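What you see is a predicted model, and the numbers here were worked out from it, not measured in a lab. Letters A, B, ... are given to chains in the order of the sequence lines, protein chains preceding strands, and every chain is numbered from 1.
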Amino acid sequence: MTPTRKRRLMMVLLIVLGVGTAAALALTAFNKNLMFFFSPSQVAAGEAPLNRSFRVGGMVKDNSVNRDDDGLTVRFIVHDNAKEVTIAYKGILPDLFREGQGIVAQGKLGSDGVFIADEVLAKHDENYMPPEVAAAMKPIGVDKQLKANN
Amino acid sequence: MLQAITKLASLKNFYFFCGKLLPWFAWPTLILMIVGLYWGLVEAPADYQQKDSYRIIYIHVPAAWMSLFVYMVMATSAAASLIWKTKASEVVANSCAPIGAAFTFLALATGSLWGKPMWGTWWEWDARLTSELVLLFLYLGYMALQSAFEDKRTAARATAILAIVGVVNIPIIHYSVEWWFTLHQGPTVQVLQEKQAMDKSMLYPLMVMATAFKTYFATVLLMRSRNEILERESHTKWVQEEREHL
């Protein structure tokens, strides 16, 4: 390689290295802001903002989905295998919403510790399988097995 | 070896080389596309909870993979044109940009169509979706910058720097779902993993589609490169002779 080309190659490598370092520093600094949602553990530890809208994400706890007497408000518990958050939501739930499913809810934390959501999104997991396979996995619990994979 | 590469760097030789390679990618693309689409959309079983709507994965995932792959091809050729000043690599980098932009747009559009019924939203500003949108802007920026210069060689130098700077976004897109909490799910297909998160009956057609997208990219890249060479060399004798042949 001629000296000129070697110099140009070094310049290219320096650009990649420099921009990479800058990006890494910026992303580390903004790490918290890049999180799409808070986990129930973070909410329990008081890391989530008060009096400001934020998102909380986790698994819907089994047998925790209830409807209030007004027939509109849904209450359910979201957990991350460590802590739990109770969520109240008035609105249409997405198709994938069910017990054991990952969800992300946006709203505010009330003073009684109940999270008042104004939007609930279903979070799909990375598992794809035909119904027969899912049925065959049922006895050991699809959710548990899938969670064990994560 | 070195001699062969130097010979290819001349646009005339590269034009004919691309022409010879073309059928070796064009025909496999046609066959793989037909097999992959039939296998994925008809033969593969429905998903246990998404039913048939998961089938968009056979377009979405290959397109998203290609959006990253094409960028790496573009940035590598751009770096080569910066270092060795070869015209052929400039042509390849320029030809990559619109193809990559198309793949990125396809990934974003199909993801959005799937997101509405599954997540309950068309768009959310999570790390994966946002960084993929930045990739689309990088491709569009490359194309805009390229057309802003009258002289092709000057344009190549400017766009090469943009392409190289943009490389930083590629690992961010890839690892976004692992570094941060995102609405987008984690990776389903992982090469270094014995047990895949996707059933084999669904995974194999996905692999066929991914290969089809790769050969499709090669086909279109060769065609675009040939076009750009003809345009750049339109004043030369060999292009005028070639024109008479057509």
Show the atom names and distances, to 0.1 Å, of all donor-acceptor pairs under 3.5 Å that link a side chain in residues 56-73 of chain B to residues at least two apart or in another chain.
from  : atom 1 : to     : atom 2 : distance (Å)
B:Y58 : OH     : B:Y54  : OH     : 3.3
B:Y58 : OH     : B:M202 : O      : 2.9
B:H60 : ND1    : B:A107 : O      : 3.0
B:H60 : ND1    : B:T110 : OG1    : 3.1
B:H60 : ND1    : B:G111 : N      : 3.4
B:S67 : OG     : B:A64  : O      : 2.6
B:S67 : OG     : B:E132 : OE2    : 2.9
B:Y71 : OH     : B:A163 : O      : 2.8

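Inspection of non-hydrogen atoms places A:M35, A:F36, A:F37, A:S39, A:Q42 of residues 35-47 of chain A under 4.5 Å from chain B.
For the side-chain contact (heavy atoms from CB on, under 4.5 Å) with A:H124, the qualifying choice from B:H184, B:Q50, B:M118 is B:Q50, the only one to do so.
Atom OG of B:S53 sits about 8.0 Å away from atom CG of A:L96, to the nearest 0.5 Å. Note: A:T28 OG1 to B:W179 CH2 = 9.0 Å, rounded to the nearest 0.5 Å. Rounding to the nearest 0.5 Å gives a distance of 14.5 Å between OH of B:Y175 and CG of A:L27. Summarising the geometry, atom CH2 belonging to B:W84 is positioned 10.0 Å from atom OG1 belonging to A:T2; distances are rounded to the nearest 0.5 Å.
Neither the backbone nor the side chain of B:L203 comes within contact range of chain A; no heavy atom of the residue lies under 4.5 Å from a heavy atom of that chain. Proximity to chain B is absent for every atom of A:R7, based on heavy atoms less than 4.5 angstrom apart. In this structure, no portion of B:V167 lies under 4.5 Å from any heavy atom of chain A. Within the 4.5 angstrom heavy-atom criterion, atoms from both the backbone and the side chain of A:V12 approach chain B.
The two residues A:P131 and B:A46 have their closest heavy-atom pair at CD-O, 3.1 Å. Residue B:A127 comes nearest to A:L34 through the heavy atom pair CB-O, 4.3 Å, listed as atom of the first residue, atom of the second, then distance. In terms of heavy-atom proximity, B:S201 sits nearest to A:P130 at OG-CG, 3.9 Å. Here the shortest heavy-atom pairing between A:A122 and B:L183 reads O-CD1, 3.9 Å.
With a 4.5 Å cut-off on side-chain heavy atoms, A:M11 and B:L82 count as touching. Side-chain contact between A:D125 and B:Q185: absent, with no pair of heavy atoms (C-beta onward) separated by less than 4.5 Å.
Most heavy-atom pairs under 4.5 Å with chain A: of the set B:V168, B:D47, B:I83, B:V177, this distinction falls to B:I83. Put simply, of B:E124, B:K116, B:K51, the one with the most heavy-atom pairs under 4.5 Å next to chain A is B:E124.
In this structure, B:K152 places its NZ atom where more than 12 heavy-atom neighbours from other residues, nucleotides or ligands lie under 6.0 Å away.
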